[in-house]
Structures are given as structure tokens and as C-alpha cells.
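Shown next, in C-alpha cells, is the structure this report addresses.
Excluded from the calculations below are hydrogen atoms, water molecules and symmetry mates; all remaining heavy atoms, backbone and side chain alike, are included. Bear in mind the structure is a predicted one, so any value in this text is a computation, not a measurement. Just so we're on the same page: letters track the sequence lines, and every chain starts at 1.
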Amino acid sequence: MSETAGGGGVAVRRVPLLRHIDPAVATAFACIVVLLLIGSLYSREFLSPGYLLQQLKVASFLGVIATGMMIVILLGQIDLSVPWAVAMGGMMACAATAHGQIGVIGAIPFGLLCGVALGLLNGFGVAYLRIPSMIITLAVNAVAQGLMVVHTGGFSPQDSASAAMRFIATGEVAFGIPHSLIVWAIIGAGTVFLLNRTSYGRAVYAIGNRERAAFLSGVDTQRAVMIAFAISGGLSAFGGILLAGYASKAAQAMGDAYLLPAIAAVVLGGTSILGGRGSYIGTVAGVILITLLQSILSVMQIPESGRQVIYGAVILLMMLLYGRGRRAEG
Amino acid sequence: MSDWRFRLAERRGTLIALALFLALFALYASKHPAGFTANVVQTAANKGALLAFVAMAQTFVVLTAGIDLSAGMIFTFTNCLGSYIVAGSTPTALLGCAGVLAAGLACGALNGLIVIYGRLQPIVATVASGSIFYGLALWLRPQPGNSDNFNSDIADFMTGRVFGVVPMSLVALFAVVLAIWIPFRRSTTGRAVYAVGSSEMAAYMSGLPIRRAKFWAYTLAGLFASIGGLYLSFITYSGEANFANGGTYTLFSIAAVVLGGVSLFGGVGSAIGAIFGALAFRTIGDLLFVFDLDPLYQPLFQGVVLLLAVCTGAAQLFRIRNRLDLFQ
């Protein structure tokens, strides 16, 4: 019994955020403050509540996608199928809307289901076939792209988003708080619960640290990995559904712009790219950081080419500051 | 010559890729409406060479157990650069070609420095640097276009035929293999690249130049991607900063490397295998056309082939005796 109590004590001591502030998370929040200050130099609007809420609304799309990416990265894997999982979610939900009343009701679940199926394919390859995740997810991404090209005929699909999709993506609760932000908050709370309070969450961290040890401790590691990829696929598709609701239709390359930001948000939030270490609050900070960076670059009216260069360089620089592997490696 | 069996085993991946390519190309040429003519071969060779160069670039990095997700973006960037500076009189244009290759070397060296001294994971580092290279490409060519005095003589020569039969692009591939790949493979650095890919720890303990090996692997990857970019300028006479196209080339280069028998875990394979892998992958894509199938299905078909190719890696599972060996 005394051992159980001791183990519980360690767990309790780890949970409170204030007592053990991760330096990486603190840095990410500091960077957010710095970005806000830089932004306010360019435009006074930058610090107004309306503008900040608008930023959070945009951030929530990335936040939903980065949540799935984070769980996969915690395992020490990576999900490169995000671009077409996002597009597939949006397109399939819109396509379902065109099929009468049942389709309208089932649009969101159907889009989600497609994403989960894609994620299961990824997860099966990684967990059971033991194919490196960056390879199999790239291949599954190519297959998803091929399927969507066949589905749309290579053009932008004509189906528009259902009312429910528009509602969750564009509506507002009181005080201008967008619905999408609430959606992100619910998903985030669920993820925090999953990672910190369930045996599955413990298994995720354990596998990320050492899969062999987790297996010997009696965790069904292969199933846990497959579930993680299914969650990631589902959340990417859900991000696509939100985006399609926001723009009221899906588009061909709508997910391309989300792969690098999702990885960067997770890594900048202090989650180790090697797996096993990281907190959700860090990912939230990373998502807001990336969104503000994008927003500032567009406020400064730099052309698209310059934005890409600065964006890549800033992300590299930030990762060099605190996202690095340990020196002992190699 | 009692060691023939080991030599054969070492080259098995390359030989399988060669056989696959020959079988597929024989099928392609026999079904092609124009038949097996010099023109058909020339067109196929030019398209195949583009991917072959990028696949060779990917090989260098994959051999060190890394991955270069910016290869397609270096390819795009150098294509845009080439569309500007391969211009004017022949000496100036040749100087331009050298400039394009130097730019590729610089891009690769940047990747190498970030991975070695920044200690970032190759996958994260190259995704981010790819964004920079794409930004540069877009800066050069916001709209697709070409230079007014683009030197088409060099371009036509490099994409034409020697003695009216042999496609110049194949000669160029052969020359690059002879001049760069084989000397590199036999140098200390080249051997260190293989050693690092097999076991970085063991390579370190044996005193091999790990950093130099990684640096040259990434740098040469940049060089080869830029040779591909230069060739795209030769073929199209123009440059285009196309994000999707860059991503496709990165993806296809990985597919080609896998088909070519290069292990994604590092340390096994050769750039020659990757060339045949690239040519075979291109032929697979083109087979759809000669069989009169809807071109709309081409991306799906290529995706499925890629998926099946990477799934062949699962065959190693049959060799595992202890279930624990599944987990590193």
C-alpha cells in the first residue's frame, strides 16, 4: 500500500503547472508577449479584444489539428498525412451535404469517419507493419490525395458546407467569443484529461520514452499507437470540416498550409520531437505563437514569398533556441 | 572469386530495381502507339532523369538514416533560378549553370549545418528549410515565366540525342554517376556515410568522421536536387514556383529510393539503384496512358504503388524471432 501512495505522490506532484513550469513553455509564452508588442508597434488595432478574438478563432483551426499531431509526436512518431486528411475531412463532409436530409445531418460524422479511417491505415502500418511513420504517412497522404482528385475530378468541389458546419466554424457566443474557440477548448480539455488522467495517456508517454519497456509493463503498445494515429487522423479531418465551414466550401490544397504549422506548434510548445515529454498547455502556446507570427507577417504587408522565408527562418531559429535534441546523442 | 555471393547480396536491391524497370519499360514501349523509337525513349528519359536526379539527392541523406523533405523545394528553387541565369551567350549561360549548382550546394550545406550543429531532427529541420527555399523560389518567380534571352542551345543540347540515338539526359546521368557517385562511394567520407547509417554509435566509436559524412551527404543532396532543377529549366525553358510540384517531387523521390532498394533505416543501398527506382516509378505512372486509362486516376495509382512499395518493408517482420525485437 505504501508504494501505491508513493507512486500517487509523484503523479500529484507532476500535475500542478505552476510548481513545475517547463522552461520551453515559459519561453513560448514569452515569445507570444514579444510578438504582441511587435504587432502593437505596427498597428494599434493589434491589442484590441476584437482582433485578439479573431486571432483565437483562426488559431482554433490549427489548434484542433495540432492536438492530434501532438499525441502522435508524444509517441515519438510523426503524422505527415495532415494535408490531405484535412482536405479529405472538408471535402467528404461537403460531399455528404449534397445527399439529402440524412447527408446534411451526417456530414460532420462522415467527414470525421473518413479521417479516422485514414488514421487507422497510418496506425496499422506503423504499429503492426513496423514501417517508419514518416514514410507510411507520406504514402497514405499520397493515396488520400489520389482519392480526392478522383472524387473531385481535379477541380474545386462544388458542394457547399452544411449549416451545422458553418455554425461551429463561424458562429459566436456572447461577447464575440467564436464557436470554434469553444470547440477547441472542449477538444483541448478532453485531450488534457486523456493524457493526464487515463491509463491510455500514461501509456502514450511511456511508449514515447521506451516502447520496449512499455510493452514489458503490460501495455498493448501496438493498439495504443494505432489509436493515436486514428485520433490524429480524426482531428485533422475535423480541422478540415471547420475550415470548410469557415469558407463554406472545401478546396483542393486546403490542408497544405497546415503541416509545417502543426509540427512547429507542437515542437515550439516544448514537446520533445523524440517523444515521451510535453504538455498540452505548451501546444496551446505554440499554436497561438504560430498564429500571431502569421498574422504579424501579413499585417506588415510582406509579399507571400518573403512570408514563407521569414516564417521558415523564424521557426528554425526558435527550434534552435529550445527544441533541440540532447547533446549526448551520437 | 569465392565472394561472388556477398557481392550479389550487396547489390540485390539495385539489381531488382533494374529488372523491374526493364520489365515495365518493355511493357510500356510495346504498348506505346509509336513503338520503341528514339523519340519515345528520349521523352521518357528526359522525364525520368528529372526524378532520377532528385532520387539520387534523397539517397545521400537516406543512407545516413535521415530524410530530406526539402529536396523537392530545392529542385523548385533552382529551377526558378535557372530560368533567370542560364541566359545570354554560351559562356555566360554555362556560368549560369554553375551558379545554379552552387545555389543547390549552398541549400544542401544549410540543411547539413542545421542538422549537425543545430541538432534538430532531419525531418523537422528540412520541412522548415523547405519553406525558406520555396519562399525564395516564389520571390524569383511570382508567376511562371522565362528569361527573354534564355540560352536554348545548351538546353536543346542537354535534352537532345547523341548520335541521333542515345538521349543526352541518360548520358548526363551516367556522367554524374561516374564523376560524383562512384568516387564518393569509395572515399572515406562515403564509407563513413554508410557507417553512420548502419550505426551512428559504432561509427563514432570507430573514429569515423561523422560530422563530415553527414555534412557532405546533405550538401551533395542539395547539389543533385539542383541538377534536377537545372534540367527542368532545360526542358521547359522556364521556371515555376509550384508548391504542389515541389512536394510531389519530394514524395516521388522517397518512392524511387524505396523501389531502388535503398533502406529507409540507412546504411543500405546505392544511388544507382535509386536511378532505376526513379525510372521504374516514372514508367509505372506512364503505363496508365498507354493503357488508355483516365489520367485522373494517375495520382491515386502512384499513391497506391508507393504505399505497396513501402509496405514491402514489412517483410522483415518474418525474420523476427523474439517479439521484443519489434520495439527498438
Most heavy-atom pairs under 4.5 Å with chain A, out of L138(B), V124(B), I67(B), belong to L138(B)
So, the part of F301(B) with a heavy atom under 4.5 Å from chain A: the answer is neither
Separation between CZ (F252(B)) and CG (L138(A)), nearest 0.5 Å, reads 11.5 Å
- Does the side chain of I123(B) reach to within under 4.5 Å of the side chain of L80(A), using non-hydrogen atoms? yes
Honestly, the part of L251(B) sitting under 4.5 Å from a heavy atom of chain A is side chain
When the 4.5 angstrom heavy-atom criterion is applied to I78(A) and chain B, the contacting part is side chain
All heavy atoms of L129(A) vs all of C311(B), minimum pair found to be CD1-SG, 4.0 Å
Taking every heavy atom of S305(A) against every heavy atom of G135(B), the minimum-distance pair comes out as CB-O, 3.2 Å
Ranking L264(B), I254(B), L140(B) by heavy-atom pairs under 4.5 Å to chain A gives rank one to L264(B)
Nearest heavy-atom approach of V310(B) to I131(A) is O-CD1, 3.6 Å
So, the part of F243(B) with a heavy atom under 4.5 Å from chain A: the answer is side chain
Separation between CD (Q145(A)) and OG1 (T248(B)), nearest 0.5 Å, reads 6.0 Å
So, the part of L308(B) with a heavy atom under 4.5 Å from chain A: the answer is neither
- Could you check if a side-chain atom of V267(A) sits within less than 4.5 angstrom of a side-chain atom of L120(B), using non-hydrogen atoms only? no
Distance col, row I114(B):CD1 vs L317(A):CG, nearest 0.5 angstrom, shows 10.0 Å
The interface call for A313(A) against chain B, heavy-atom contacts under 4.5 Å, is both
Given I263(A), I315(A), V149(A), V314(A), the one with more heavy-atom pairs under 4.5 angstrom with chain B than any other is V149(A)
What one should report as the nearest heavy-atom pair of A142(A) and L306(B) is CB-CD2, 4.2 Å
Separation between CG (L300(B)) and CE (M148(A)), nearest 0.5 Å, reads 9.5 Å
For a 4.5 angstrom cut-off between non-hydrogen side-chain atoms, does V309(A) reach W139(B)?
no
Bottom line for L259(A): the part with an atom under 4.5 Å from chain B's heavy atoms is neither
Report yes if some heavy atom in the side chain of I132(B) is under 4.5 Å from a heavy atom in the side chain of L316(A); otherwise report no.
yes
Is the side chain of S131(B) donor-acceptor paired with the backbone N or O of Q308(A) at a distance under 3.5 Å, no angle test? yes
With chain B, the option among V143(A), V140(A), I207(A) that has the most non-hydrogen atom pairs under 4.5 Å is V143(A)
Bottom line for L296(B): the part with an atom under 4.5 Å from chain A's heavy atoms is both
Under 4.5 Å to a heavy atom of chain B? For Q252(A) that would be neither
| query | Do L274(A) and Q121(B) have side-chain heavy atoms sitting under 4.5 Å apart? | reply | yes
Distance col, row Y117(B):OH vs L320(A):CG, nearest 0.5 angstrom, shows 14.0 Å
